[in-house]
Amino acid sequence: MCELLGMSANVPTDICFSFRGLMHRGGRTGPHCDGWGITFYEDKGFRTFKDPMPCYESPIARLVQDYPIKSRAVIGHIRQANRGHVALENTHPFTREQWGQFWTFAHNGQLSGYEELLKPGKHRPVGDTDSEAAFCWLLNELDHKYPRKPADMKALFLYAGELCGRLNDFGIFNMLLSDGRYLLAYCSTSLHWITRRAPFGKARLIDEDVVIDFHQETTPHDIVSVIATQPLTSDEQWHALTPGHYRLFHYGECIAENGF
């Protein structure tokens with residue numbers, strides 16, 4: 001299956017170190033050879049880089065690895081295709097406009113019977129993946145409940161977390177969803193997270209012998225949470241999400257979770 005990467009931070013932060021670890025899993029240390037993509041939010045805009053070729057072999061991925069784009073919210077994905085052919089339109093993350101904001105989504109897993117999600121609505125898939133069908137269904141359900149943008153966006157994301165539970169009934173549904181401020185992480189089988197804050201220390205990648213000293217790269221006020229399918233570093237304490245649970249991050253802090 002695919003692997004996910006997400007980041008939520010209270011200050012614009014680059015994700016070069018974590019992306020470097022993920023990049024190796026896209027064809028070198030992992031079997032995820034069917035494309036990759038990453039979306040960075042910058043104020044009201046976003047930048048997305050995608051390529052249907054293996055991440056580890058992609059010149060675009062090497063550009064992203066060396067390009068310290070600063071963002072408060074990031075969603076990345078490396079793909080092992082199971083639904084939909086290998087093509088740019090089937091490469092995650094997917095982005096749609098909703099209530100005057102860009103929403104980004106990436107999925108790890110495989111859904112069965114998802115054709116029933118393809119109901120009339122504002123949002124329709126472009127490609128032929130179960131993931132994009134689920135994303136469009138999710139946004140259409142939010143549209144139905146909230147005809148106008150709600151004042152309480154936290155409540156909206158908590159409702160999105162409930163909808164993820166319904167999508168999980170179709171199979172395996174590990175997911176990341178963001179509007180650039182909030183980041184929702186839903187676990188079906190495997191998802192891990194870590195929050196880094198002062199005092200910052202060093203970290204070593206699992207997939208390459210690279211070490212970073214976060215103390216040299218941060219200020220004492222920085223808060224950065226990283227979410228990944230599997231831990232990316234070997235000497236930090238990552239936390240596993242419980243299957244069927246979600247966590248909602250807002251500018252680096254976890255502000256809500258279900259099941260507790």
Side-chain angles (χ1 to χ4, degrees), residues 1-6 19 22-23 25-27 30-42 45-65 67 69 71 73-143 160 163-164 167 170-180 183-184 186 188 229:
M1 283 189 275
C2 312
E3 288 207 24
L4 300 169
L5 173 65
F19 181 75
L22 184 77
M23 181 178 171
R25 298 178 183 181
H32 313 88
C33 298
D34 299 322
W36 67 276
I38 190 166
T39 294
F40 302 85
Y41 280 92
E42 296 178 67
F46 71 96
R47 303 188 199 205
T48 293
F49 300 86
K50 292 186 182 185
D51 196 343
M53 72 182 298
C55 187
Y56 183 67
E57 300 175 3
S58 169
I60 303 173
R62 289 195 290 273
L63 180 150
V64 173
Q65 176 188 293
Y67 187 7
I69 299 171
S71 179
V74 176
I75 289 181
H77 183 274
I78 51 175
R79 186 177 184 224
Q80 185 177 12
N82 49 52
R83 296 280 192 257
H85 62 295
V86 177
L88 190 59
E89 67 268 23
N90 288 332
T91 305
H92 306 224
F94 303 106
T95 302
R96 295 289 193 281
E97 180 274 332
Q98 182 85 327
W99 303 299
Q101 293 174 273
F102 293 114
W103 289 62
T104 299
F105 167 97
H107 165 228
N108 161 28
Q110 185 172 339
L111 308 180
S112 299
Y114 65 91
E115 292 80 7
E116 68 181 81
L117 301 174
L118 300 172
K119 298 177 180 178
K122 170 184 171 183
H123 300 282
R124 302 171 63 182
V126 175
D128 56 0
T129 64
D130 52 348
S131 305
E132 191 182 15
F135 180 35
C136 290
W137 178 87
L138 185 61
L139 290 181
N140 286 332
E141 289 294 305
L142 292 176
D143 254 345
L163 293 174
C164 288
L167 289 167
F170 287 84
I172 298 175
F173 190 70
N174 302 294
M175 180 226 65
L176 297 176
L177 175 72
S178 180
D179 68 343
L183 192 152
L184 178 68
Y186 181 87
S188 175
T229 299

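- Of all non-hydrogen atoms in Glu57 and Met53, the two that sit nearest each other are O-CE, 3.5 Å.
- The two residues Thr91 and Gly35 have their closest heavy-atom pair at CG2-C, 4.4 Å.
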Yes or no on side-chain contact (heavy atoms from CB on, under 4.5 Å) for Gln98 and Leu142, after CA distance, side-chain angles and deciding distance? CA-CA 9 Å; Gln98 182 85 327; Leu142 292 176; 4.2 Å; yes
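- Gly171 and Leu111 get closest at one heavy-atom pair: N-CD2, 4.0 Å.
- In this structure, CH2 on Trp137 lies 13.0 Å from CG on Asp143, to the nearest 0.5 angstrom.
- Environment of CZ in Arg124: sparse, with no more than 12 heavy atoms of neighbouring residues, nucleotides or ligands closer than 6.0 Å.
- Here the straight-line distance linking atom OG of Ser178 with atom CD of Gln101 works out to 9.5 Å at 0.5 Å rounding.
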Asn140 vs Leu117, side-chain contact (heavy atoms from CB on, under 4.5 Å): CA-CA, chis, key distance, verdict: CA-CA 10 Å; Asn140 286 332; Leu117 301 174; over 6 Å; no
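- Atom CD1 of Ile75 sits about 11.5 Å away from atom CZ of Phe46, to the nearest 0.5 Å.
- Rounded to the nearest 0.5 Å, atoms CZ (Arg47) and OH (Tyr41) are 14.5 Å apart.
- Between the side chain of Glu97 and the main chain of Trp99, a donor-acceptor pair closer than 3.5 Å is present.
- By the side chain to side chain donor-acceptor pair (under 3.5 Å) test, Ser71 pairs with no residue at all, sequence neighbours left out.
- In this structure a side-chain-to-backbone donor-acceptor pair under 3.5 Å is missing from Asn108 to Glu3.
- Relative ring orientation between Phe135 and Phe105 is described as parallel, the plane-to-plane angle staying below 30° on a 0-90° scale split at 30° and 60°.
- Heavy-atom minimum distance, Ser188 versus Asn174: N-OD1, 2.7 Å.
- Within the 3.5 Å criterion, the main-chain N or O of Leu177 finds no donor-acceptor partner in the side chain of Tyr186.
- Asp51 contributes atom CG, which lies 11.5 Å from atom CG of Leu63 (distance to the nearest 0.5 angstrom).
- Residues Val126 and Phe94 are not in side-chain contact: their nearest non-hydrogen atoms beyond the backbone lie 4.5 Å or more apart.
- Counting heavy-atom neighbours within 6.0 Å of Lys119 NZ, excluding the residue itself, gives a total of 12 or less.
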Would you please test Met175 and Leu167 for side-chain contact (heavy atoms from CB on, under 4.5 Å) and show each step? CA-CA 10 Å; Met175 180 226 65; Leu167 289 167; over 6 Å; no
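- What you find for Pro52 and Leu88 is that their closest heavy atoms are CD-CD1, 3.9 Å.
- The pair Arg96-Glu132 meets the salt-bridge criterion, since a charged nitrogen lies less than 4.0 angstrom from a carboxylate oxygen.
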Go through the steps to decide whether Phe19 and Ile69 satisfy the test side-chain contact (heavy atoms from CB on, under 4.5 Å), and finish with yes or no. CA-CA 12 Å; Phe19 181 75; Ile69 299 171; over 6 Å; no
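- Remark: side-chain polar atoms of Lys50 are paired, donor with acceptor, to backbone N or O of Pro93 under 3.5 angstrom.
- Interatomic distance, CG of Leu5 versus OG1 of Thr229, reported as 8.5 Å (0.5 Å rounding).
- With Asp130 contributing its side chain and Ser112 its backbone, the two residues share no donor-acceptor pair below 3.5 Å.
- No side-chain heavy atom of Leu22 sits less than 4.5 Å from a side-chain heavy atom of Cys55.
- Note: His107 and Phe173 have tilted aromatic rings, judged against thresholds of 30 and 60 degrees for the angle between ring planes.
- Heavy-atom minimum distance, Leu118 versus Ala133: CD2-CB, 3.6 Å.
- Just one of Thr39, Leu176, Asp179 meets the side chain to side chain contact (heavy atoms under 4.5 Å, CB included) condition when paired with Thr104; it is Thr39.
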